[in-house]
Amino acid sequence: MKLGEDSNGPPESEDFIRAGIRSDLESGMQKPLTRFPPEPNGYLHIGHAKSICLNFGVAEEFGGKCNLRFDDTNPSKEDVRYEEAIKEDVKWLGFDWGGKVYYASDYFGRLYEYALRLVSEGKAYVDDLSTEQIREYRGTLSEPGRESPSRARSVEENMRLLRAMRAGKFDESQYVLRAKIDMASGNMNMRDPVMYRIMKRTHPRTGNSWPIYPMYDWAHGQSDSIEGVTHSLCTLEFEDHRPLYDWFITQLGIYHSRQIEFARLNLSYTILSKRSLMKLVSKGFVSGWDDPRMPTVSGLRRRGYTPESIRNFCRKIGVTKQDSIIDMGFLEHSVREDLNRKAQRVMAVLDPLKVVIVNYPEDQEEEIEAVNNPEDSSMGKRKVPFSRELFIERDDFMENPPKKFHRLSPGSLVRLRYAYIVRCKGF
RNA sequence: UGGGGCAUCGUAUAACGGCAGUACAGCGGACUCUGGAUCCGCUAGUCUAGGUUCGAAUCCUAGUGCCCCAGCCA
């Protein structure tokens, strides 16, 4: 193995995230803590592998830890059966989350207390606008939004309404809790984002104890903070959520995790959106999430990809903020490189062409030694029978060969693998 | 002048202000022992225009192009 090819090691050149963490460490930060936070609403794909390798890799390299956390804040879209599949895939890729699995739902109580606090400080309010009205009031990309009439509600009334929401007194969509920020902000995420929606759904972990569920923006940063995540790595599309991420943490005065964004993986000729992959599965175009044609981790596994090859692929594509599309050939090169080193070789003839060695004794048969892997003698040898009559692949013979044809043709000399040199004297 | 982000060979990714490098792909050779293997070699790039500087991919100014954002999804 050449230097820099260790699939577990850091990349040859340091990316901006590792450089940032190194600098944080140098200026006094203790061990870094990252997290891989999948929503259990589908199987992991090669794009997740990039995130997994980054989060777990960085933690390992800097002597820190990486939490596996299920972002289970929306019971209408999630399913526990995905959790086992996700854990299996992370483990198969070669990463260890240290036994304890974290769940955003474990923080529902804490989150609710935080919300009460923001409401009591006049920084959040209960809104009775309909979904459509909220959209209208939000304005557009180029026009500011308008403030909801509910914004004027008193703190006392907001407290009462939030408690009633939590107590399950209302129907879905009747109310939402919103942060009171800035309806004129150029950043849509700051136009009074919804923190809680009413959802009468049974949650796999909290059962029916919560009729309200936190939105991503309200749950994620606080979950990071509660766990003490130092570096919260996510993809580029969350870049303009960062001001909100920071706003909540600052208002609450809790531990300040830092969100850092990197470009998500795009693969040529490959769809990597859970929504689309889900459609392929649910409409029966493939046999399941682990169909070998799928770009999922489990699909790649069934396809014959090794964890090392995927890890190495992730190392080599790097981590930047540039939108990019990696050539599928690069992924394929990674398995070939790994398998070439590890796979046992055997010979098989798919389309046989009989060859008679005319000067080889009729009744003789000998055993020839063949190496199992030309690049690794420790993989041993095997015996291959050799006799007067044998078969070669039809493609390995041509009656009228082009110039660079190095296989068998009339009059040509060719070495039979592990055995003798033969000349074609007739056919 | 809505906000946020990104520009380096075909692709991806490096380069304290100091020789633009590496990998994949492509092309050409080598190897009578599978090849989609391996080895050797070649091709090919700093978005544009100014400026600062002995010297700019890097700093400054002005442009241009591309991506993301208007879920009670994550």
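Just so we're on the same page: letters track the sequence lines, and every chain starts at 1.
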| task | Please state whether the phosphate of B:A12, meaning OP1 or OP2, lies under 4.0 angstrom from any side-chain nitrogen or oxygen of A:Arg315. | result | no
| Does a salt bridge link A:Arg35 with A:Glu227, judged by any charged N lying under 4.0 Å from a carboxylate O? | no
| request: Pick the P atom in B:C9 and in B:A49, then give their distance to the nearest Å. | output: 16 Å
| Atom-pair distance (CG on A:Asp15; C1' on B:A12), nearest Å | 14 Å
| query | Roughly, in whole Å, what's the span from CG in A:Leu244 to C1' in B:G4? | reply | 14 Å
| In terms of side-chain geometry, is the basic nitrogen of A:Arg388 or A:Glu365 positioned less than 4.0 Å from the acidic oxygen of its partner? | no
| query | Counting a pair only when it is Watson-Crick or G-U and both distances are under 3.5 Å, which runs of at least 3 such pairs involve RNA chain B? | reply | B:2-7 with B:64-69, B:10-13 with B:21-24, B:26-30 with B:38-42, B:47-51 with B:59-63
| task | Take atom C1' in B:C60 and the same atom in B:C19, then report the distance between them in whole Å. | result | 26 Å
| field | Nearest-Å distance once atom C1' is located in both B:C67 and B:G51 | value | 29 Å
| query | Does the pair A:Asp106/A:Arg205 count as a salt bridge with the N-to-O cut at 4.0 Å? | reply | yes
| query | Tell me: CD of A:Glu14 to P of B:C16, nearest whole Å? | reply | 12 Å
| query | Is it true that the side chains of A:Thr320 and A:Gln322 contain a donor and an acceptor less than 3.5 Å apart? | reply | no
| message | Whether A:Thr140 contacts B:G2 is assessed here as follows: a side-chain N or O lying under 4.0 Å from the phosphate OP1 or OP2. Is that the case? | response | no
| request: Take the protein atom CG of A:Asp323 and the nucleotide atom C1' of B:G65, then report the distance between them rounded to whole Å. | output: 13 Å
| Between A:Glu39 and A:Phe16, which is nearer to the 5' end of RNA chain B once each is assigned its nearest nucleotide? | A:Phe16
| field | Short side-chain N/O contact from A:Gln322 to OP1 or OP2 of B:C66, under 4.0 Å | value | no
| field | Any residue of residues 261-281 of chain A with a heavy atom less than 4.0 Å from an atom of RNA chain B | value | none
| said: Using the P atom as the point on both nucleotides, what is the distance between B:G26 and B:A20, in whole Å? | reply: 28 Å
| Mind checking the P distance from B:C66 to B:U58? Whole angstroms is fine. | 22 Å
| When you compare B:C39 with B:A25, how far apart are their P atoms, in angstrom units rounded to a whole number? | 12 Å
| Option passing side chain to side chain contact (heavy atoms under 4.5 Å, CB included) with A:Thr306 (candidates A:Asp338, A:Leu300, A:Asn312) | A:Asp338
| Euclidean distance for P, B:A70 against B:U8 (whole angstrom) | 27 Å
| task | For B:G55 versus B:A12, give the span between their C1' atoms, rounded off to a whole number of Å. | result | 30 Å
| When you measure from the side chain of A:Arg336, which nucleotide among B:A74, B:A37, B:A70 comes out closest? | B:A37
| said: Taking the six-membered ring for Trp, are A:Phe70 and A:Tyr82 closer than 6.0 Å centroid to centroid? | reply: no
| field | A:Asp323 and A:Arg264 ion-paired at < 4.0 Å | value | no
| said: Taking A:Glu84 first and then A:Lys87, would you say they form a salt bridge - that is, a charged N and a carboxylate O separated by under 4.0 Å? | reply: yes
| message | Please pick, from B:C68, B:A12, B:A14, the nucleotide with the shortest atom-to-atom distance to any side-chain atom of A:Ser13. | response | B:A14
| field | Out of B:U13, B:C69, B:G71, whichever nucleotide has its closest atom nearest the side chain of A:Ser324 | value | B:U13
| request: State whether the distance check finds a donor on one side and an acceptor on the other, under 3.5 Å, for side chain A:Asp240 versus base B:G3. | output: yes
| query | Between A:Asn41 and A:Glu78, is any side-chain donor less than 3.5 angstrom from a side-chain acceptor? | reply | no
| task | Let me know, please, whether A:Gly318 or A:Asp128 comes out on the 5' side of the other along RNA chain B by nearest nucleotide. | result | A:Gly318
| request: Using a cut-off of strictly less than 4.0 Å, decide whether A:Arg423 has a side-chain nitrogen or oxygen near OP1 or OP2 of B:U32. | output: no
| request: Kindly say if A:Thr320 contacts the phosphate of B:U13, meaning a side-chain N or O under 4.0 Å from OP1 or OP2. | output: yes
| remark: Here the distance between atom C1' of B:A74 and atom CG of A:Leu44, to the nearest Å, is 14 Å
| query | Does B:G5 sit syn or anti, given that only angles within 90° of 0 count as syn? | reply | anti
| Between A:Phe313 and A:His333, is the gap from one ring center to the other below 6.0 Å? | no
| query | Can a salt bridge be assigned to the pair A:Arg301 and A:Glu88 using a cut-off of 4.0 Å between side-chain N and carboxylate O? | reply | yes
Could you list all N or O pairs between the protein and nucleotides 33-35 of chain B that sit under 3.5 Å apart?
residue : atom : partner  : partner atom : Å
B:C33   : O2'  : A:Arg417 : NE           : 3.4
B:C33   : O2'  : A:Arg417 : NH2          : 3.3
B:C33   : O2   : A:Tyr418 : N            : 3.3
B:U34   : O4   : A:Arg345 : NH1          : 2.9
B:G35   : OP1  : A:Arg407 : NE           : 3.2
B:G35   : OP1  : A:Arg407 : NH2          : 3.2
B:G35   : N2   : A:Arg345 : NH1          : 3.2

| Rounded to the nearest Å, what distance is computed from the CZ atom of residue A:Phe238 to the P atom of nucleotide B:C69? | 10 Å
| remark: Between NE2 of A:His220 and C1' of B:A74 the distance, given in whole Å, is 9 Å
| A:Glu239 has an atom CD; how far is it from atom P of B:C67, in whole Å? | 15 Å
| request: Give a yes or no on whether a salt bridge exists between A:Glu369 and A:Lys381, defined as a side-chain N under 4.0 angstrom from a carboxylate O. | output: yes
| task | Output yes when A:Arg151 and A:Glu147 qualify as a salt bridge under the 4.0 Å nitrogen-oxygen rule, no when they do not. | result | yes
| field | Distance flag, aromatic centroids of A:Phe386 and A:Tyr418, threshold under 6.0 Å | value | no
| remark: Picking from B:C72, B:C6, B:C24, the nucleotide nearest the side-chain atoms of A:Phe330 would be B:C24
